[in-house]
S.K.: 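For reference, the structure I am asking about is given below.
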Amino acid sequence: MIETICIIIGTRPEVIKMSPVVRACERQEGSDWFMIHTGQHYSYNMDRVFFEQLELPDAKYNLDVGSGMHGEQTGRMLTGIEKILIAEKPDVVLVEGDTNTVLAGALAGSKLGIRVGHVEAGLRSYDRRMPEELNRVVADHISDYLFAPTVQSKDILLGEGISNEKIFVTGNTVVDAVYQNLKIINGRDDWDENLESLFGSGLALEPDRYFLATAHRQENVDDATRFAGILRGLELVSEEFSLPVIYPIHPRARKMMEEFSLDAVGVTFIEPLDYLSFLKLESDARLVLTDSGGVQEETCILKVPCVTLRDNTERPETAEVGANVLSGVDSEKILEGARTMIGRKRDWKNPFGDGNAGEMIVGITTNSGRS
Ligand code: UD1
Ligand code: UDP
């Protein structure tokens, strides 16, 4: 019996983290698969650039839902995904992470009686004000396969009453993505020209002589006081260490910065980067300051110290191994976080697996359906 897998994606991190699953599907004999893109992200540098650079096949369907209020956006996805699933009748739906795309995909699949696999299951910030927390809790509780990145995330799921047979510790697919793409980066010798084309000749970036920052979370950038605290913190860090901060700015953050008329001295704001350029900047940075989930993981894998601009994290493994510290958004606390992390010995172990999560996930999904 041939299993048909439907992969549902919609945002930048899902394209990146599902890419190893897509590659595993392409390699797997006896499985059929197709992809739905909800269109939650649609700007070239938030979406298409990753398909081109990672040489991913196009989605069979793109729902083009675009931006909107949570209910409106999720509702449009739900309607669109449901119609496709009814027509295509896949055996399994795979979703990744905690976005509105994940909520819609998992809900549409499970209500139609299709088995749902949640990649990156069992993460909890225990902060229900975050839209992502609501999405991941619902997705976990309606899924049939929970692909937990660590034993810690498996234990969280068991603690919530989810049965052991549904849970598989696979590692995080971001490790596969980092390893696969680091190889490409290390094989390229045109990084100086590439960085010059990104920044112009005015800003010479030497490895270890700059900070990298990203912040885009709704609870941070949609709140003028919190966003101002983050930007002031980046200013203080740049000033204290006399190093520039590079901030590839997410469109949500760009919009809110303009709306609140905010700015920051010592911080260079650039457009969102393609994956290889971002990974290169991340691996050569002295320190990364971020509120991104994926960036907390990647810095931990790359052995680059990280300060997380949040009050909590659903990736506590990064802090436990010594790769990450939580600063919140108070500017002095951000500076304190940078002071703590800047001299941190980079000898921690990556807790997110060995880079075979994509293969494992597809193997489990296709084999367990067969009788
Ligand atoms: C979404 C996810 C978040 C994830 C992030 C990854 C939810 C609830 N949030 O947040 O968990 O960390 O993606 O980046 O699913 N915009 C563009 N172009 C785009 C996409 C967005 O300009 O391609 C702008 C629009 O002004 C839009 C805003 O960004 O209103 C927010 O986009 P949205 O997809 O709603 O949420 P993100 O902040 O991207
Ligand atoms: N990323 C990128 N270009 C950028 C910023 C981030 O390619 O300019 C990648 C980063 O390497 C990581 C992912 O985007 O793999 C993280 O996405 P984001 O921070 O938008 O979402 P989150 O992980 O917080 O959900």
Side-chain angles (χ1 to χ4, degrees), residues 9-20 37-50 53-54 64-74 76-77 95-105 120 123 125 129-136 138-139 172-178 180-182 185 198 212-222 246-259 269-283 285 288 290-302 304 306 308-310 313-315:
I9 50 158
T11 67
R12 170 170 72 184
E14 291 160 77
V15 178
I16 293 168
K17 286 177 165 176
M18 275 299 205
S19 64
H37 193 315
T38 61
Q40 180 172 348
H41 283 180
Y42 46 85
S43 300
Y44 175 79
N45 57 15
M46 294 298 288
D47 177 44
R48 194 72 218 149
V49 67
F50 301 104
Q53 191 170 59
L54 304 179
D64 285 322
V65 299
S67 306
M69 300 287 288
H70 283 269
E72 188 191 353
Q73 189 186 51
T74 313
R76 280 202 297 264
M77 292 176 192
V95 292
E96 192 286 332
D98 52 24
T99 65
N100 288 345
T101 293
V102 171
L103 176 64
E120 205 174 67
L123 276 64
S125 67
R129 292 168 302 179
M130 293 178 69
E132 292 84 0
E133 183 74 355
L134 302 172
N135 293 343
R136 58 173 90 95
V138 174
N172 195 308
T173 57
V174 75
V175 182
D176 313 25
V178 167
Q180 286 164 13
N181 291 291
L182 263 188
I185 291 174
L198 284 174
L212 179 66
T214 80
H216 74 279
R217 298 239 88 84
Q218 178 181 307
E219 64 275 16
N220 277 345
V221 304
D222 287 18
I246 311 300
Y247 182 168
I249 189 163
H250 188 288
R252 173 192 283 271
R254 167 82 74 189
K255 188 175 67 181
M256 299 318 291
M257 220 180 116
E258 281 161 15
E259 197 167 315
F269 296 93
I270 59 172
E271 287 300 305
L273 291 171
D274 64 89
Y275 192 48
L276 293 181
S277 300
F278 189 80
L279 260 189
K280 172 70 179 161
L281 273 193
E282 226 176 350
S283 39
V288 175
T290 191
D291 67 6
S292 158
V295 175
Q296 288 176 68
E297 292 156 352
E298 286 172 349
T299 48
C300 185
I301 297 159
L302 293 166
V304 175
C306 180
T308 293
L309 309 162
R310 288 177 44 188
T313 180
E314 57 292 310
R315 276 103 174 157

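First listed ligand is number 1; within each ligand, the first listed atom is number 1. Computed from heavy atoms alone, side chains included, the values below leave out hydrogens, waters and symmetry copies.
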S.K.: Could you see which bit of His70 sits under 4.0 Å from ligand 1, with heavy atoms only: side chain, backbone, both or neither?
M.R.: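 The part of His70 near ligand 1 is the side chain, not the backbone.
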S.K.: Write out the residue and atom name of the closest protein heavy atom to atom 5 (C) of ligand 1, then the distance separating them to 0.1 Å.
M.R.: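 Of the protein heavy atoms, His216 NE2, 3.7 Å lies nearest.
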S.K.: Side chain, backbone, both or neither: which part of Pro13 has a heavy atom under 4.0 Å from ligand 1?
M.R.: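 Answer for Pro13: side chain.
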S.K.: Looking only at protein heavy atoms, identify the closest one to atom 18 (N) of ligand 1 and say how far it is in Å.
M.R.: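 It is Ser43 OG, 2.7 Å.
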S.K.: Test your reading of the model: is there a side-chain donor-acceptor pair from Tyr247 to the backbone of Ala215, 3.5 Å cut-off?
M.R.: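 Side chain of Tyr247 to backbone of Ala215: a pair is present.
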S.K.: Would one find an N or O of Arg252, backbone or side chain, under 3.5 Å from an N or O of ligand 1?
M.R.: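 Yes - when backbone and side-chain N and O of Arg252 are compared with those of ligand 1, one distance drops under 3.5 Å.
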S.K.: Can you find an N or O of Ser292 that's nearer than 3.5 Å to an N or O of ligand 2?
M.R.: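 Yes, at least one N or O pair falls under 3.5 Å.
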S.K.: Please check whether Phe50 reaches ligand 2 - meaning an N/O of the residue sits under 3.5 Å from an N/O of the ligand, judged on distance alone.
M.R.: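 It does not: no N or O of Phe50 is found under 3.5 Å from an N or O of ligand 2.
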S.K.: Report yes if some N/O of Lys17 lies less than 3.5 Å from some N/O of ligand 2; otherwise report no.
M.R.: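 Such a contact does not occur with ligand 2.
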S.K.: For Glu271, enumerate each residue passing the salt bridge (Lys or Arg N to Asp or Glu O under 4.0 Å) test, keeping only those at least two apart in sequence or located in another chain.
M.R.: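 Glu271: salt bridge (Lys or Arg N to Asp or Glu O under 4.0 Å) contacts with Arg254.
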S.K.: Looking at ligand 2, does any of its N/O atoms fall within less than 3.5 Å of an N/O of Leu273?
M.R.: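 Such a contact does occur with ligand 2.
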S.K.: Considering the heavy atoms of Ser67, write down every atom of ligand 1 situated less than 4.0 Å from one of them.
M.R.: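 What qualifies from ligand 1 is 25 (C), 27 (C), 30 (O).
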S.K.: Would you say that Cys306 contacts Cys300 through its side chain, given a criterion of any heavy-atom pair below 4.5 Å between the two side chains?
M.R.: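 Counting from C-beta outward, Cys306 and Cys300 never come under 4.5 Å.
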S.K.: So is there a nitrogen or oxygen of Glu298 less than 3.5 Å from a nitrogen or oxygen in ligand 2?
M.R.: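 Checking ligand 2 against Glu298, an N or O pair does fall under 3.5 Å apart.
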S.K.: Can you find an N or O of Val174 that's nearer than 3.5 Å to an N or O of ligand 2?
M.R.: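 No - when backbone and side-chain N and O of Val174 are compared with those of ligand 2, no distance drops under 3.5 Å.
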S.K.: Any nitrogen or oxygen of Arg217 lying under 3.5 Å from a nitrogen or oxygen in ligand 2? Just yes or no.
M.R.: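 There is such a contact, yes.
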S.K.: Please confirm whether Leu279 comes under 4.0 Å of ligand 2, counting heavy atoms of the residue only.
M.R.: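 False for this residue.
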